[in-house]
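For clarity, every value in this text was computed on a predicted model and none was experimentally measured.
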Amino acid sequence: MLDIKFIRENVDRVKSAVKNKNKDVDIDKLLELDERRREIMTRLDEARAEQNTASAEIAKASEVDREAMIKSVAELKERIKALEEELAPVAEEFASLLYQVPNVTDPAMPVGKDEDENVVIKQVGEKPTFNFKPKEHWELGKELNLIDTEKAAEVSGARFWYLKGDLVRLQFAMHMFAIDTLINEEIIKEVRDSLGLEHLSSKPFVPMLPPVMVRDSVQKAIHRVFGDQTYKIDDEELNLVASAEHTLAPYHMNETLDEAELPKRYVGYSTAFRREAGTYGKDMKGILRGHQFDKSEMESFTTQDTGADEQKLIVGLQEYMVKKLGLPYQLVQICTGDAGGPDYQQIDIECWMPGQDAYRETHTSDYMTDYQTHGINAFYKTAEGERKLLYANDATAFSGRPLIAIMENYQQEDGSIKIPEVLQKYMGGQEVIK
RNA sequence: GGAGAGGUGGCUGAGUGGUUGAAAGCACCGGUCUUGAAAACCGGAGUAUCGCAAGGUACCGCAGGUUCGAAUCCUGUCCUCUCCGCCA
């Protein structure tokens, strides 16, 4: 969440962020509550000071005087209790309103109502041409016996699937490729330098297998509670993660790192669980949208000065990997109305899916400044000894969706699917799925 | 799941109701000494919050409670460790 001090000092900016992100948070009310809260707190502090003084005197007093003195403090105790009771509801409403305030956005982020107003930055790669009608991935999946949604529906319900055979191997090949790329300092350096970001570290990402369950309190602190979108474990204060981000983002909670240790870069692989409430009937075929999928996720913690450039590097790495897979894509600047609450800046990659004849979102990159780290108390200490909140970036390495793009772009007239060259070595040199 | 022990400042570790926001040591910062450094000696130093400031308040895992007064007593909770059970 945002710091109330920041909100006080940037009222207009915060108000326009609320408006442009289509949120409904009454900032004036928040500020009014803030003032009342502080006013009561001041009175409470004064009363407590009085009580502390009185107690100290009682301690020094003789046994005889003590009883009378204790009696005289009774009124003060009442007053403190009354003030505490006055403060509680104000503080509670204040906290709940403050929690709802979204992050402000990059001035470069276009103002827009919803996803229709996202802006395509560039299109990269040549769309494949077919001398036959390209199939959708679910058709290919069924014909090649790679995806079984029918049995999954019987066993687990709608929006589940079995991945089978070579598609399973392809998935692991893709994630291995992501990890091998992100632990390779040479590649990071190459991408970094090509973007003119030589001042950034070329430190490799550390692979992680994070927990897939997260405490209520932590999920709330990183602002990843989306009402009915997450699965909650019955009788436990635990939730299934909807992304490895949920347990990577809090990895440094309650810590103060040395500036010299930064950046901290992680690539975490996990299954993601999503209820997909409110999407009934949308994308029902195949594996585009489901309750469960596997994803590797980049998470990076940096200084405040380098957070924005870190995102550029991360997007560069996403593009590098997508290009290596030979997938045509477009880079999309997300507009305010489509951006996440915690996001200061958000860039998506949409891969070309010939079967659908459309670009579909496969990657996202969120730059959140200190919006998340504020809630989990993740700091770094500068060389001068100053304590500052870490800035966080979070982005997709690969999810299940690029598999769709591979299947559809690499399909052959005979119904088989070629395997992208960079993935072949992870599949024992296999070149085609048939 | 059962039994027991414990959670104190950057670290180690005292502290069982009254100048304790917290001893001591280490680490850290400044100074003296030194050509420089080390050692020694002197001094400083927690975090958050309110306040122009002086200063106040809160914080000894977390949340409540008892008390004029709680790191210290009580309850709940989270976490760590040991033993037993179960187990990939």
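Taking the C1' atom of each, B:A88 and B:U75 are spaced 38 Å apart, rounded to whole Å. One P atom belongs to B:G61, the other to B:U8, and the distance between them is 7 Å to the nearest Å. Distance noted for atom C1' between B:G69 and B:U20: 13 Å (whole Å). When the C1' atom is compared between B:G43 and B:G36, the two are found 23 Å apart, to the nearest whole Å. Separation of the C1' atoms belonging to B:G85 and B:A3 is 11 Å when rounded to the nearest angstrom. Here, B:A5 and B:G9 have their P atoms 22 Å apart, quoted to the whole Å. Across the C1' atoms, B:A40 and B:G51 are found 43 Å apart, a figure rounded to whole Å. Rounded to whole Å, the P atom of B:C42 lies 13 Å from the corresponding atom of B:A24.
One finds the CZ atom of A:Arg159 at 13.0 Å from the CD1 atom of A:Ile287 (value rounded to the nearest 0.5 Å). Between the CZ atom of A:Phe6 and the OG1 atom of A:Thr369 there is a distance of 8.0 Å, given to the nearest 0.5 Å.
With rounding to whole Å, A:Met253 atom CE is found 12 Å from B:C78 atom C1'. Rounded to whole Å, atom P of B:G17 lies 19 Å from atom CD1 of A:Ile58. Between A:Lys71 atom NZ and B:U67 atom P there is a gap of 16 Å when expressed in whole angstrom units.
Comparing A:Val73 and A:Ile4, the nucleotide of RNA chain B nearest to each residue sits closer to the 5' end for A:Ile4.
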message = Could you go through A:Leu390 and A:Asp370, starting from their C-alpha distance and side-chain angles, then the distance that decides it, and tell me whether this counts as side chain to side chain contact (heavy atoms under 4.5 Å, CB included)?
response = CA-CA 6 Å; A:Leu390 288 164; A:Asp370 59 6; over 6 Å; no
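For the segment residues 32-45 of chain A, residues with any heavy atom less than 4.0 angstrom from an atom of RNA chain B are, sorted by number, A:Arg38, A:Met41, A:Thr42, A:Asp45.
A donor-acceptor contact closer than 3.5 angstrom is absent between the side chains of A:Glu139 and A:Gln411.
Residue A:Gln51 is in sugar-phosphate contact alone, with no base atom involved, counting any heavy-atom pair closer than 4.0 Å across all strands shown. Residue A:Ala49 is classed as a sugar-phosphate contact, given heavy-atom separations below 4.0 Å to backbone atoms only.
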In a table with atom names and distances, give each donor-acceptor pair under 3.5 Å that connects a side chain of residues 197-214 of chain A to protein atoms at least two apart or in another chain.
residue: A:His199; atom: NE2; partner: A:Asp309; partner atom: OD2; Å: 2.7
residue: A:Ser201; atom: OG; partner: A:Lys203; partner atom: N; Å: 2.9
residue: A:Ser202; atom: OG; partner: A:Glu185; partner atom: OE2; Å: 2.9
residue: A:Lys203; atom: NZ; partner: A:Glu261; partner atom: O; Å: 2.5
residue: A:Lys203; atom: NZ; partner: A:Pro263; partner atom: O; Å: 2.7

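A 6.0 Å sphere centred on CD of A:Glu143 holds more than 12 heavy atoms belonging to other residues, nucleotides or ligands.
With respect to the salt-bridge test (charged N to carboxylate O, under 4.0 angstrom), the residues A:Lys324 and A:Glu421 do not qualify.
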